[in-house]
2 protein chains.
Amino acid sequence: METLRERKKRRTRESLLRAALHLFTSQGYERTTVDEIAEAVDVSQRTFFRYFAGKEDVALAVQKMTEAAFVAAVRARPPHEAPMRALRQAFLEGWDSIRETVESVVPVELHLRMYRTIESTPALLAAHLRRSAATEETLARVLAEREGVDVDTDPRPRLAVAVFGGVIRVAERQWCTSEEFSLESIRTLTAEYLDQVGSALTGNWRTG
Amino acid sequence: METLRERKKRRTRESLLRAALHLFTSQGYERTTVDEIAEAVDVSQRTFFRYFAGKEDVALAVQKMTEAAFVAAVRARPPHEAPMRALRQAFLEGWDSIRETVESVVPVELHLRMYRTIESTPALLAAHLRRSAATEETLARVLAEREGVDVDTDPRPRLAVAVFGGVIRVAERQWCTSEEFSLESIRTLTAEYLDQVGSALTGNWRTG
DNA sequence: AGGCTAGTGACAGCCACTGACAGTTGACAA
DNA sequence: TTGTCAACTGTCAGTGGCTGTCACTAGCCT
């Protein structure tokens with residue numbers, strides 16, 4: 001059961017989040033000040049910083065949710081699956097539940113537009129990549145445990161996750177710049193790219 | 001021939017760079033202010049910002065040099081080489097010339113210590129990853145041209161580079177945290193990891 | 001009802017960074 | 001050599017992200 005105080009906090013937090021994303025996507029990340037966000041929700045700037053570690057943090061809050069959901073999805077894969085297959089299936093099958101998680105806080109439309117803002121704002125892209133790196137470290141440990149190997153001596157868990165993450169990012173980037181800007185298209189794009197990794201590594205591409 | 005004015009500029013720039021790296025590695029990036037760096041070289045803070053775009057920029061200036069050198073090395077590979085082999089050889093064989101480039105500006109020892117600072121400072125790691133992403137985009141275009149494919153319709157150049165970059169970063173990270181902290185060890189580590197990618201992708205690791 | 005505490009606003013301050021303007025110094029021609 | 005111009009630099013003032021402090025209010029709990 002949620003107490004009144006907790007409800008108020010959650011409302012404030014989500015209002016700040018929505019207001020921030022709205023401002024970022026409509027007038028740009030750099031051209032939006034924290035004061036503006038606070039003003040839009042009618043709280044003090046100081047309060048904003050009590051809910052979010054900073055401007056970057058609020059911009060990437062939804063991404064943080066989806067990454068956590070993805071890690072959970074990988075953890076939930078049956079243990080007999082090979083590592084790369086587990087990652088692939090977690091991504092493709094977990095998509096819908098991730099969508100629901102997002103939608104409970106922020107309109108999906110807004111989230112999608114925010115993706116483009118992140119990709120086109122250097123400061124945000126940098127923060128996003130660092131977060132991805134941290135998630136990859138977590139995933140490497142999950143895979144290592146599934147397979148019963150030591151993550152500190154065996155590089156394969158980290159290598160597998162790094163390759164997977166690389167493919168995801170290529171797909172993300174392609175998706176952001178394309179016109180086919182829907183939740184479904186990133187799934188098909190990712191599946192397609194994952195299938196092509198092998199052929200990409202074993203050029204020669206001219207004859208292939 | 002270098003004019004007096006140009007020499008002065010270069011000296012100021014390199015002094016700022018060395019002073020900055022020295023301060024960053026000895027007392028930490030966050031705990032170093034731009035005023036301190038400027039003061040150490042006895043110029044105004046405003047002058048610092050005329051030589052470097054910001055605090056991040058000076059921290060990653062040497063990395064920027066090495067990445068540019070690497071891209072050049074890839075461009076110089078014979079065109080009949082397969083893509084992944086070109087990347088691999090450019091990295092392994094270009095190492096010595098890169099070392100010389102670095103040493104002409106900054107002691108190698110300082111550069112190595114800076115690597116650890118970058119890896120352990122969130123803000124710097126983020127900026128470093130973003131720079132890597134930009135370099136990967138450049139490399140993808142180089143590979144696409146070598147192979148005569150269109151980088152906008154064929155995902156394989158970007159995929160190949162993403163995989164390669166992922167492996168490099170895993171090696172970098174491992175190297176930073178190990179005791180074997182020499183220029184030579186990262187080369188052997190990278191070669192080793194590149195060889196293991198295939199096996200990492202085709203678990204099951206328990207039986208392998 | 002009244003004390004306790006989480007949450008808040010207001011204020012002051014630090015630091016990265018920028019624009020504007022004036023002073024200085026090297027380059028180059030007369 | 002000297003005068004002129006352009007490049008370079010310092011000073012100053014200001015913006016914006018972010019933090020510490022402290023008094024105050026509002027919800028919680030007995």
Side-chain angles (χ1 to χ4, degrees), chain A residues 1-17 19-21 23-24 26-61 117-118 121-128 130-131, chain B residues 1-17 19-21 23-24 26-61 117-118 121-128 130-131:
Chain A
M1 185 53 195
E2 212 180 20
T3 172
L4 169 57
R5 191 178 271 173
E6 287 168 334
R7 257 179 293 150
K8 258 187 137 172
K9 275 186 72 173
R10 198 164 53 77
R11 263 207 304 272
T12 306
R13 196 191 133 88
E14 291 176 6
S15 297
L16 280 169
L17 178 55
L21 295 192
L23 288 167
F24 292 159
S26 60
Q27 64 185 19
Y29 176 75
E30 321 266 11
R31 279 184 300 282
T32 303
T33 67
V34 174
D35 286 321
E36 244 174 319
I37 301 168
E39 198 179 358
V41 184
D42 205 47
V43 296
S44 74
Q45 189 217 47
R46 195 67 186 87
T47 293
F48 171 90
F49 284 107
R50 290 193 176 101
Y51 283 94
F52 297 98
K55 208 174 144 184
E56 264 177 28
D57 190 39
V58 66
L60 299 175
T117 306
I118 292 170
T121 306
L124 285 184
L125 181 57
H128 175 59
R130 191 195 54 208
R131 180 180 292 296
Chain B
M1 184 51 193
E2 212 181 20
T3 171
L4 168 59
R5 186 175 273 174
E6 287 168 335
R7 256 178 294 151
K8 259 187 136 170
K9 275 185 70 173
R10 198 164 53 78
R11 265 208 303 273
T12 306
R13 197 191 133 87
E14 291 177 4
S15 297
L16 280 169
L17 178 55
L21 295 192
L23 288 166
F24 291 159
S26 60
Q27 63 184 24
Y29 176 75
E30 322 265 14
R31 278 183 301 282
T32 303
T33 67
V34 174
D35 285 320
E36 244 175 318
I37 301 168
E39 197 180 357
V41 183
D42 206 46
V43 296
S44 74
Q45 189 217 48
R46 196 69 185 84
T47 295
F48 171 90
F49 284 107
R50 291 195 175 100
Y51 283 94
F52 297 98
K55 210 175 144 184
E56 262 178 29
D57 189 39
V58 65
L60 299 176
T117 305
I118 292 170
T121 306
L124 285 183
L125 181 58
H128 174 60
R130 190 194 56 208
R131 182 181 290 298

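Since this is a predicted model, take the numbers as computed values, not measurements.
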Sequence-aligned protein contact record of nucleotides 12-25 of chain D, with B where the base is within under 4.0 Å of a protein heavy atom and S where only the sugar-phosphate is:
-----SBBBB----
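Heavy atoms of other residues, nucleotides or ligands lying less than 6.0 angstrom from CD of B:Glu39 number 12 at most.
Residue A:Tyr51 places at least one side-chain N or O under 4.0 Å from the OP1 or OP2 atom of C:dT8. Phosphate contact (OP1/OP2 of D:dC8, side-chain N/O of B:Lys9, threshold under 4.0 Å): present.
D:dA6 atom P lies 18 Å from atom CD of B:Glu6, rounded to whole Å. Protein atom CD of A:Glu39 is 15 Å distant from nucleotide atom C1' of C:dG9, rounded to whole Å. What separates CZ of B:Arg11 from P of D:dT9 is a distance of 12 Å, to the nearest Å. Going from atom CZ of B:Arg10 over to atom C1' of D:dA7 covers 18 Å, rounded to whole Å. Going from atom NZ of B:Lys8 over to atom P of D:dT9 covers 8 Å, rounded to whole Å. Between B:Leu16 atom CG and C:dA16 atom P the separation is 14 Å, expressed in whole Å.
In this structure, the side chain of A:Lys55 engages the main chain of A:Thr32 through a donor-acceptor pair within 3.5 Å. Not a single donor-acceptor pair under 3.5 Å links the side chain of A:Tyr29 to the backbone N or O of A:Leu23.
To the nearest 0.5 angstrom, A:Arg7 atom CZ is 12.5 Å from A:Thr12 atom OG1. Once rounded to the nearest 0.5 Å, the distance linking NE2 of B:His128 with CD1 of B:Ile118 reads 6.5 Å.
B:Glu14 has a carboxylate O that lies under 4.0 Å from a charged side-chain N of B:Arg10, or vice versa, which qualifies the two as a salt bridge.
In this structure, of D:dG27, C:dT8, D:dC8, it is D:dG27 that holds the atom nearest to the side chain of A:Arg5.
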